[in-house]
Amino acid sequence: LYHCIEFNNRYFLFKMDGEVSQVLQSLSNSNLPFDVALLERVVQLQYKGTPNEIAQAQKVLTQLQQLQDFWLRTGTILEKSQSTETKLFALQSLEAVIKYRWKILPRNQCESVKNYIVS
């Protein structure tokens, strides 16, 4: 079984056997503009998919949060997303960085986070 996600005339397949590499690769590629619409679809599957789709979406979202620089996308996600659930996911990613990695972040990144939160 497959679940197909389409965006910008491109199609990504979730194989129900756990293959999520295409979606993950697209969302984690820092050389491309971040595709908020694709992230919204993955988050939507986490909340409204079949049990298999939920598991696959959770796998993608967990792997994204484990990426060292994913939290840097928080501002883009918050500004461009129309989905409350996707914004919550972005804020949870930022929260995890602040709780668990704050002391090892470069000081300029810490200042950027502080300035973003305050403004």
Side-chain angles (χ1 to χ4, degrees):
L1 289 175
Y2 291 88
H3 180 77
C4 184
I5 295 179
E6 183 271 330
F7 72 99
N8 294 342
N9 296 320
R10 295 187 305 179
Y11 294 87
F12 290 88
L13 295 177
F14 281 101
K15 281 173 72 177
M16 291 303 126
D17 66 358
E19 178 60 55
V20 295
S21 63
Q22 285 182 315
V23 174
L24 186 61
Q25 183 178 24
S26 177
L27 290 173
S28 63
N29 188 338
S30 61
N31 295 322
L32 298 173
F34 188 73
D35 192 336
V36 174
L38 178 58
L39 178 62
E40 287 177 327
R41 289 195 172 118
V42 173
V43 171
Q44 181 183 25
L45 281 177
Q46 180 186 14
Y47 287 95
K48 299 178 183 174
T50 66
N52 286 333
E53 291 169 339
I54 291 168
Q56 298 306 307
Q58 185 61 46
K59 183 182 287 188
V60 170
L61 296 174
T62 299
Q63 289 179 6
L64 283 175
Q65 284 184 320
Q66 292 173 350
L67 295 173
Q68 187 151 355
D69 293 334
F70 179 76
W71 68 273
L72 296 170
R73 308 283 191 156
T74 301
T76 300
I77 296 166
L78 293 176
E79 291 169 14
K80 294 184 178 183
S81 178
Q82 301 300 311
S83 164
T84 302
E85 291 87 358
T86 302
K87 290 179 181 182
L88 177 61
F89 172 75
L91 289 171
Q92 289 170 332
S93 299
L94 179 60
E95 178 185 35
V97 167
I98 292 170
K99 280 183 174 179
Y100 305 112
R101 294 184 27 222
W102 187 257
K103 291 181 180 180
I104 62 171
L105 289 177
R107 291 301 98 197
N108 64 331
Q109 288 182 349
C110 292
E111 289 303 315
S112 294
V113 170
K114 288 179 190 178
N115 293 336
Y116 182 81
I117 292 172
V118 171
S119 62

**Request:** Could I get the full list of side chain to side chain contact (heavy atoms under 4.5 Å, CB included) partners for Ile54, not counting sequence neighbours?
**Result:**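 Counting only residues at least two positions away or on another chain, Ile54 forms no side chain to side chain contact (heavy atoms under 4.5 Å, CB included).
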**Message:** Tell me which pairs pass salt bridge (charged side-chain N to carboxylate O under 4.0 Å, His left out) where either residue lies in residues 72-97, with sequence neighbours left out.
**Reply:**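 The answer is Glu95-Lys99.
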Establish whether [X] and [Y] are linked, either directly or via other cluster members, by ILVMFWY side-chain heavy-atom contacts under 4.5 Å.
X      : Y     : result
Ile98  : Leu91 : no
Tyr47  : Leu27 : yes
Ile117 : Trp71 : yes
Leu61  : Leu67 : yes
Leu88  : Leu64 : yes

**Item:** Stepwise side-chain contact (heavy atoms from CB on, under 4.5 Å) test for Cys110 and Trp102
**Value:** CA-CA 7 Å; Cys110 292; Trp102 187 257; 3.5 Å; yes
**Message:** With rounding to the nearest 0.5 angstrom, report the CZ to CG distance, Arg41 to Leu45.
**Reply:**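 So the gap between those two atoms works out to 10.0 Å.
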**Prompt:** Can you tell me how far the NZ atom of Lys114 sits from the CD atom of Gln109, to the nearest 0.5 Å?
**Reply:**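 Here the rounded value is 13.0 Å.
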**Request:** Using the test side-chain hydrogen bond (donor to acceptor under 3.5 Å, both in side chains), find all partners of Ser81 that sit at least two apart in sequence or belong to another chain.
**Result:**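 Counting only residues at least two positions away or on another chain, Ser81 forms a side-chain hydrogen bond (donor to acceptor under 3.5 Å, both in side chains) with Glu40.
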**Prompt:** Which residues satisfy the side-chain hydrogen bond (donor to acceptor under 3.5 Å, both in side chains) test with Gln65, sequence neighbours excluded?
**Reply:**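 Residues passing side-chain hydrogen bond (donor to acceptor under 3.5 Å, both in side chains) with Gln65: Ser93.
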**Check: Asp69 side chain, Leu72 main-chain N or O, donor-acceptor pair, under 3.5 Å** =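 No: the side chain of Asp69 does not pair with the backbone of Leu72.
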**Prompt:** Does Gln56 reach the main-chain N or O of Glu53 with its side chain, forming a donor-acceptor pair under 3.5 Å?
**Reply:**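 It does not hold such a pair.
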**Item:** Check: Thr62/Gln66 side-chain N/O donor and acceptor closer than 3.5 Å
**Value:**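 No - no donor-acceptor pair under 3.5 Å links their side chains.
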**Request:** Check the pair Gln63 / Phe70 against side-chain contact (heavy atoms from CB on, under 4.5 Å), numbers first and verdict last.
**Result:** CA-CA 10 Å; Gln63 289 179 6; Phe70 179 76; over 6 Å; no
Do [X] and [Y] have side chains that get closer than 4.5 Å, going by heavy atoms?
X     : Y      : value
Leu78 : Tyr116 : yes
Thr84 : Phe89  : no
Phe34 : Asn29  : no

**Other ILVMFWY residues reachable from Tyr100 by side-chain steps of under 4.5 Å** =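 Its cluster mates, by chain and number: none.
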**Message:** Lys103: which residues meet the salt bridge (Lys or Arg N to Asp or Glu O under 4.0 Å) condition with it, sequence neighbours left out?
**Reply:**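 Lys103 satisfies salt bridge (Lys or Arg N to Asp or Glu O under 4.0 Å) with no residue once adjacent residues are dropped.
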**Message:** Would Val60 and Leu39 count as a side-chain contact (heavy atoms from CB on, under 4.5 Å) here? Give the steps.
**Reply:** CA-CA 9 Å; Val60 170; Leu39 178 62; over 6 Å; no
